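Here's the structure we're looking at; comments come further down.
Note: hydrogens, waters and symmetry copies are ignored here, and every other heavy atom, side chains too, is used. In this text, all values refer to a predicted model and were calculated from it rather than measured experimentally.
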Amino acid sequence: MHRISILVQDGRSSSVVVAGEGPLLMLLHGFPLDHRLWTGQLESLAAKYQVVCPEFRGFGGSTLEESEYSLEDLAGDVEVVRRHFAPSDPMILAGLSMGGYVAFEYWSRYAANLSQLLLVNTKPSADDETAIAGRLKMAEVARQEGTAIAIHGMVDKLVSKSTNAELRSQAERMMLSTSPAALAAAQVAMSRRRDFVSRLPEIQVPTLVITGDDDPLCPPKATQAWASMLPNAKFQSIADAGHLSPLEKPDEFNALLLNLT
Ligand code: MLT
């Protein structure tokens, strides 16, 4: 496993953690996380895939040059990373939550570059007014009072009650390492994201939709309902997993990725 920096635009680079060889499997992390979300996948899936985990602007080792960006911009960064690793082959793209929102954007621009899509603990809908207000408030708290106060209590919404204390604190440490500026910029970008619900029937690429039985943000029933609108999708919910299913239940999650057809 190693980390590289890829120039994505005008002197700005994207930090990418890579392991293995084989067909390209790109894993997009959620908010406010980084490539460590995929710790349980990087080595285990490396025997079958070239596993590539880019970090979004401001997260992990990636720099944040502008205070604002859009999720479309992030999809553009993902495409630069894909071209670096597999310029002439389509890839398998997995995105968790915020990573899933970026995966929808990626599909809308670059569907031909996808062989499989994995939409993990995510949803296709845009925010309503209450959700937008909540995000803008968190962005403001982050800017004024810092990351720890902005994310206080958030980890309890992300991991299942049955997840052990070590994994819970691993997730929390990852969240706390996010800078206030990165937190704020991502919240603003997510608050402006597009709604893909009406476009679900157009997604022809084979898709696996995954959530966790204990995910309060993307519960199985609601997730299965939108997954059924995709023409070429399977749905799987992982027992005893919350919103961070690859971190909480790596064996069950990896089995799904090792058995893609
Ligand atoms: C995530 O895990 O990326 C977040 O839950 C996304 C969001 O805030 O909608």
query: Do other residues, nucleotides or ligands put more than 12 heavy atoms under 6.0 Å from the NE2 atom of His152?
result: no
field: Flag, side chain of Ser13 to backbone of Leu7, donor-acceptor distance under 3.5 Å
entry: no
query: How are the rings of Phe56 and Phe59 set relative to one another: parallel (under 30°), tilted (30 to 60°) or perpendicular (over 60°)?
result: perpendicular
query: Got a sec: does the CD of Glu21 have more than 12 other heavy atoms crowding it under 6.0 Å?
result: no
- request: Please step through side chain to side chain contact (heavy atoms under 4.5 Å, CB included) for the pair Ile210 and Leu96, ending with a clear verdict.
  value: CA-CA 9 Å; Ile210 302 172; Leu96 181 137; over 6 Å; no
- request: Verify the cluster assignment for Met91 and Ile4: are they in a single hydrophobic cluster under the rule of side-chain heavy atoms below 4.5 Å apart?
  value: yes
- prompt: In terms of hydrophobic clustering (I, L, V, M, F, W, Y; side-chain heavy atoms under 4.5 Å; direct or indirect links), are Met154 and Leu136 co-clustered?
  reply: no
query: Less than 4.5 Å apart, any side-chain heavy atom of Phe253 and any of Leu45?
result: no
query: Closest heavy-atom contact between Asn121 and Ser245?
result: OD1-OG, 2.6 Å
message: Can a donor-acceptor pair be found, under 3.5 Å and without considering hydrogens, that links the side chain of Ser62 to the backbone of Gly58?
response: no
- request: Measure from the side-chain N and O atoms of Arg193 to the backbone N and O of Ser125, and report whether any donor-acceptor pair falls under 3.5 Å.
  value: yes
statement: Closest non-hydrogen contact found for Ala126 with Asp195 is N-OD2, 3.1 Å
- prompt: When you look at Leu93 and Gln116, which way does the side chain to side chain contact (heavy atoms under 4.5 Å, CB included) test go after all the steps?
  reply: CA-CA 6 Å; Leu93 180 64; Gln116 291 256 0; over 6 Å; no
- prompt: If we only count heavy atoms from C-beta on, is the Leu114 to Pro90 side-chain gap below 4.5 Å?
  reply: no
query: Rounded to the nearest 0.5 Å, what separation is found between the CG atom of Asn113 and the CZ atom of Arg82?
result: 3.5 Å
- request: Identify the heavy atoms of Leu42 and Cys53 that sit nearest to each other, and give their distance.
  value: CD2-SG, 3.8 Å
query: Does the pair Glu248 and Asp214 meet the rule for a side chain to side chain contact (heavy atoms under 4.5 Å, CB included), with working shown?
result: CA-CA 11 Å; Glu248 297 176 79; Asp214 303 335; over 6 Å; no
message: Ignoring hydrogens, what is the shortest heavy-atom contact between Val16 and Phe85? Give both atom names and the distance.
response: CG1-CE1, 4.0 Å
message: Taking CD in Glu129 as the centre, count heavy atoms belonging to other residues, nucleotides or ligands within less than 6.0 Å. Is the count above 12?
response: no
query: What is the distance from atom CG of Asn259 to atom CG of Asn254, rounded to the nearest 0.5 Å?
result: 10.5 Å
query: Any side-chain heavy-atom pair from Arg12 and Arg57 closer than 4.5 angstrom?
result: yes
- request: Give the cluster check for Leu247 versus Leu176: same hydrophobic cluster or not, with ILVMFWY residues linked at side-chain heavy-atom distances below 4.5 Å.
  value: yes
task: Find out whether Leu258 and Lys48 are in side-chain contact, i.e. whether some heavy atom of one side chain is under 4.5 Å from a heavy atom of the other.
output: yes
message: Here's a test for you: under side-chain contact (heavy atoms from CB on, under 4.5 Å), which of Ser228, Pro231, Pro124 qualifies with Leu200?
response: Pro124
- prompt: When rounded to the nearest 0.5 angstrom, what is the spacing between CG in Leu244 and CE in Met174?
  reply: 7.0 Å
field: Student check: side-chain heavy atoms of Leu257 and Gln41 closer than 4.5 Å
entry: no
task: State, without any angle test, whether Ser237 and Asp213 hold a side-chain donor-acceptor pair at a distance under 3.5 Å.
output: yes
task: Just do the side chain to side chain contact (heavy atoms under 4.5 Å, CB included) check on Thr178 and Phe31 with the steps written out, would you?
output: CA-CA 9 Å; Thr178 306; Phe31 167 91; 5.9 Å; no
field: Non-hydrogen side-chain atoms of Leu119 and Phe104 separated by less than 4.5 Å
entry: yes
message: Working to the nearest 0.5 angstrom, can you tell me the gap between Asp240 CG and Lys249 NZ?
response: 5.0 Å
Side chain Gln224, main chain Pro220, donor-acceptor under 3.5 Å: no
- prompt: Are Val141 and Met190 grouped together when hydrophobic residues (ILVMFWY) are joined by side-chain heavy atoms under 4.5 angstrom apart?
  reply: no
statement: Rounded to the nearest 0.5 Å, the CG atom of Leu37 sits from the CE atom of Met175 at a distance of 11.5 Å
field: Beyond-backbone contact of Val80 with Ser14, side-chain heavy atoms, under 4.5 angstrom
entry: no
- prompt: Would you call the rings of Phe196 and Trp107 parallel, tilted or perpendicular, where under 30° means parallel and over 60° means perpendicular?
  reply: perpendicular
message: Taking the basic N atoms (NZ, or NE/NH1/NH2) and the acidic carboxylate oxygens, is any pair closer than 4.0 Å for Arg168 and Glu172?
response: yes
message: On a heavy-atom basis, which atom in Leu64 and which in Ala182 lie closest, and how many Å separate them?
response: CD2-N, 3.9 Å
query: Could you state the interatomic distance from CG (Leu28) to CD (Glu105), rounded to the nearest 0.5 Å?
result: 12.5 Å
- request: Output all residues satisfying side-chain hydrogen bond (donor to acceptor under 3.5 Å, both in side chains) with Gln187, sequence neighbours left out; order by chain, then residue number.
  value: Arg135
query: Is there a donor-acceptor contact under 3.5 Å linking the side chains of Ser15 and Arg3?
result: yes
- request: Begin from the C-alpha positions of Arg173 and Glu166 and carry the test salt bridge (Lys or Arg N to Asp or Glu O under 4.0 Å) through to its verdict.
  value: CA-CA 10 Å; Arg173 282 196 301 274; Glu166 173 48 32; 3.5 Å; yes
- line: Looking only at heavy atoms, the pair that brings Ser160 and Gly242 closest together is CB-N, 3.6 Å
message: I'd like to know whether Arg143 forms a salt bridge (Lys or Arg N to Asp or Glu O under 4.0 Å) with Glu140, so could you lay out the CA-CA distance, the side-chain angles of the two residues, the decisive distance to 0.1 Å, and finally the verdict.
response: CA-CA 5 Å; Arg143 287 187 203 105; Glu140 196 50 30; 3.0 Å; yes
- prompt: Are any of the side-chain heavy atoms of Trp38 and Pro246 separated by less than 4.5 Å?
  reply: yes
query: Is Tyr110 reachable from Leu118 through a run of I, L, V, M, F, W or Y residues, each pair having side-chain heavy atoms under 4.5 Å apart?
result: yes
